[in-house]
Number of protein chains: 2
Amino acid sequence: MADLKSGVNPLFLREEDLRQGMELLFCGWRDFAGEPDPLLARRQLGRAHHRAVYFIGRHPGITVGELLSILKITKQSLGRVLTQLVTDGLVVQLPGARDRRQRCLKLTATGEALERELTETQRQRLARAYRTAGAEAVEGFRQVLLGLVDERDRNRLAGAPAPQAPQRR
Amino acid sequence: MADLKSGVNPLFLREEDLRQGMELLFCGWRDFAGEPDPLLARRQLGRAHHRAVYFIGRHPGITVGELLSILKITKQSLGRVLTQLVTDGLVVQLPGARDRRQRCLKLTATGEALERELTETQRQRLARAYRTAGAEAVEGFRQVLLGLVDERDRNRLAGAPAPQAPQRR
DNA sequence: ACTTTAGGTCAGCCATCGTGACCTACCCTG
DNA sequence: CAGGGTAGGTCACGATGGCTGACCTAAAGT
């Protein structure tokens with residue numbers, strides 16, 4: 001298995017470095033994503049709800065289809081979560097102006113409050129990590145992660161972190 | 001650096017930057033973790049099995065307890081996975097030399113082959129991201145992720161990526 | 001007008017992870 | 001050796017969150 005270490009290839013491509021990166025990614029995500037779990041449990045919600053609320057908050061007016069392509073889950077899975085969020089009064093669905101088939105999603109005031117509360121713990125964790133690592137490290141962090149995501153999503157993530165839903169409206 | 005002039009304000013701790021980081025983390029993990037799913041499905045395994053196989057491969061002789069503390073799941077959940085891996089002939093359990101209550105876990109030859117196959121796709125993805133971003137970015141990537149994980153796990157991840165099982169916590 | 005397609009829903013299945021209780025086997029200390 | 005603590009396993013059961021398949025409605029294409 002000791003195949004790569006012989007090479008004079010760039011240091012950061014060694015087997016061991018890649019392994020370490022994978023593990024960091026696993027643990028980083030594990031602890032980051034798990035942070036709001038207690039808060040969610042208190043409201044009978046799960047991570048799926050958090051993800052939906054987060055992206056709706058970030059892209060007010062986003063359609064279900066757009067949300068699906070971000071979350072990469074099926075309509076049905078999202079539908080369940082969305083139904084609960086609507087009946088709980090955290091999200092509203094408005095028929096699209098341009099295309100009335102669409103349901104444009106927005107957070108209610110309550111939904112926004114929840115989103116802020118949930119994300120706050122994560123924001124703090126990330127901010128701490130950013131502060132400790134420094135601005136240059138943050139830039140590297142971004143670049144590597146950007147290279148990790150599928151081509152399709154790079155545009156949305158890379159340049160303009162659009163605060164509202166992209167192109168269509 | 002490639003810092004966009006959009007942010008005129010001093011720090012990189014702006015709301016927007018943090019949000020972008022969260023989204024990158026989500027998408028990066030989503031695509032990275034999902035990569036081996038087709039391979040797993042073909043063998044009737046799930047991500048849970050991959051995680052177990054990965055960490056056993058990385059820390060041969062790791063005990064069940066240590067594995068639990070890495071994965072942060074319950075005994076029961078891990079037990080199910082482990083039982084299947086053992087009956088499938090991918091993992092063996094050996095009584096600990098020092099403490100015979102322990103079951104030290106190791107991959108069989110078949111298990112190692114599977115591990116390599118599963119991780120290979122991810123390795124390639126990560127290597128590509130590393131190559132594109134450059135060595136400096138990789139260092140930043142590591143630092144930020146390290147700051148993201150809980151205190152407890154930093155030691156294992158930070159300095160020496162210990163090839164054998166680390167000391168107990 | 002009729003078909004196609006995008007967006008969305010309903011019903012039901014399955015894998016994973018969780019909790020709580022309880023068990024064996026083993027280690028350590030008095 | 002007794003007794004308590006620890007490592008690991010097990011059983012029953014429930015919740016979550018994915019999935020497929022069938023189906024609906026509204027718009028678009030021809």
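Owing to the predicted nature of the structure, the values given are computational and were not obtained by experimental measurement. Order of the sequence lines sets the chain letters (A, B, ...), proteins ahead of strands, with each chain counted from 1.
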Audit row: B/His59, B/Glu66, side-chain hydrogen bond (donor to acceptor under 3.5 Å, both in side chains) steps and yes/no: CA-CA 10 Å; B/His59 306 287; B/Glu66 288 162 348; over 6 Å; no
Does [N] have OP1 or OP2 sitting under 4.0 Å from an N or O in the side chain of [X]?
X        : N      : answer
B/Arg100 : C/dC27 : yes
A/Thr74  : D/dT20 : no
B/Ser77  : C/dT16 : no
B/Arg103 : D/dG9  : yes

Rounded distance (Å) that lies between atom [atom2] of [N] and atom [atom1] of [X]:
X        : N      : atom1 : atom2 : value
A/Leu105 : C/dG7  : CG    : C1'   : 12 Å
A/Leu68  : C/dG8  : CG    : P     : 8 Å
A/Ile62  : C/dG8  : CD1   : P     : 11 Å
B/Leu78  : D/dT10 : CG    : C1'   : 14 Å
A/Asp37  : D/dA15 : CG    : P     : 17 Å
A/Leu67  : C/dG7  : CG    : P     : 13 Å
A/Leu82  : D/dG18 : CG    : C1'   : 16 Å
B/Leu45  : C/dC14 : CG    : P     : 18 Å

Sugar-phosphate, base or nothing in reach of B/Gln44, heavy atoms under 4.0 Å: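 B/Gln44: no heavy atom of the nucleic acid under 4.0 Å.
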Sugar-phosphate, base or nothing in reach of A/Gly65, heavy atoms under 4.0 Å: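 The answer is sugar-phosphate, as A/Gly65 gets under 4.0 Å only of primed atoms, P, OP1 or OP2.
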Euclidean distance, B/Thr119 OG1 relative to B/Arg125 CZ, rounded to 0.5 Å: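 Here the interatomic distance stands at 14.0 Å.
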Euclidean distance, B/Ile62 CD1 relative to B/Leu67 CG, rounded to 0.5 Å: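 Reported value, rounded in 0.5 Å steps: 4.5 Å.
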Step-by-step salt bridge (Lys or Arg N to Asp or Glu O under 4.0 Å) determination, A/Arg128 to B/Glu151: CA-CA 12 Å; A/Arg128 178 166 45 74; B/Glu151 186 77 37; over 6 Å; no
For the side chain of [X], starting at C-beta, report the closest nucleotide among [options].
X       : options               : answer
A/Ile73 : D/dT10, D/dC19, D/dG8 : D/dC19
A/Arg80 : C/dG8, C/dC17, D/dG18 : D/dG18
A/Gln93 : C/dT9, C/dC17, D/dG8  : C/dT9

Any residue meeting salt bridge (charged side-chain N to carboxylate O under 4.0 Å, His left out) with A/Lys75, in chain and number order, not counting sequence neighbours: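 Residues passing salt bridge (charged side-chain N to carboxylate O under 4.0 Å, His left out) with A/Lys75: none at all.
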Centroid separation A/Phe26 to B/Tyr54 less than 6.0 Å: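 No; B/Tyr54 has its ring centre 6.0 Å or more from that of A/Phe26.
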Within residues 46-53 of chain A, residues whose heavy atoms come under 4.0 Å of DNA chain D: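 Here the set is A/Gly46, A/Arg47, A/Ala48, A/His49, A/Arg51.
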5' priority, DNA chain D, between A/Lys72 and A/Lys75 [closest heavy atom]: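 Looking at the nearest nucleotide for each, A/Lys72 comes out on the 5' side.
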A/Leu148 and its side chain to side chain contact (heavy atoms under 4.5 Å, CB included) partner, picked from B/Leu24, B/Leu126, B/Leu25: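 Single side chain to side chain contact (heavy atoms under 4.5 Å, CB included) partner of A/Leu148 among B/Leu24, B/Leu126, B/Leu25: B/Leu126.
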same_hphob_cluster(B/Val92, B/Leu105) at 4.5 Å side-chain heavy-atom cutoff: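 Cluster IDs for B/Val92 and B/Leu105 differ.
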Distance-only donor-acceptor test (3.5 Å): side chain B/Gln76, base C/dG20: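 Side chain to base: pair present.
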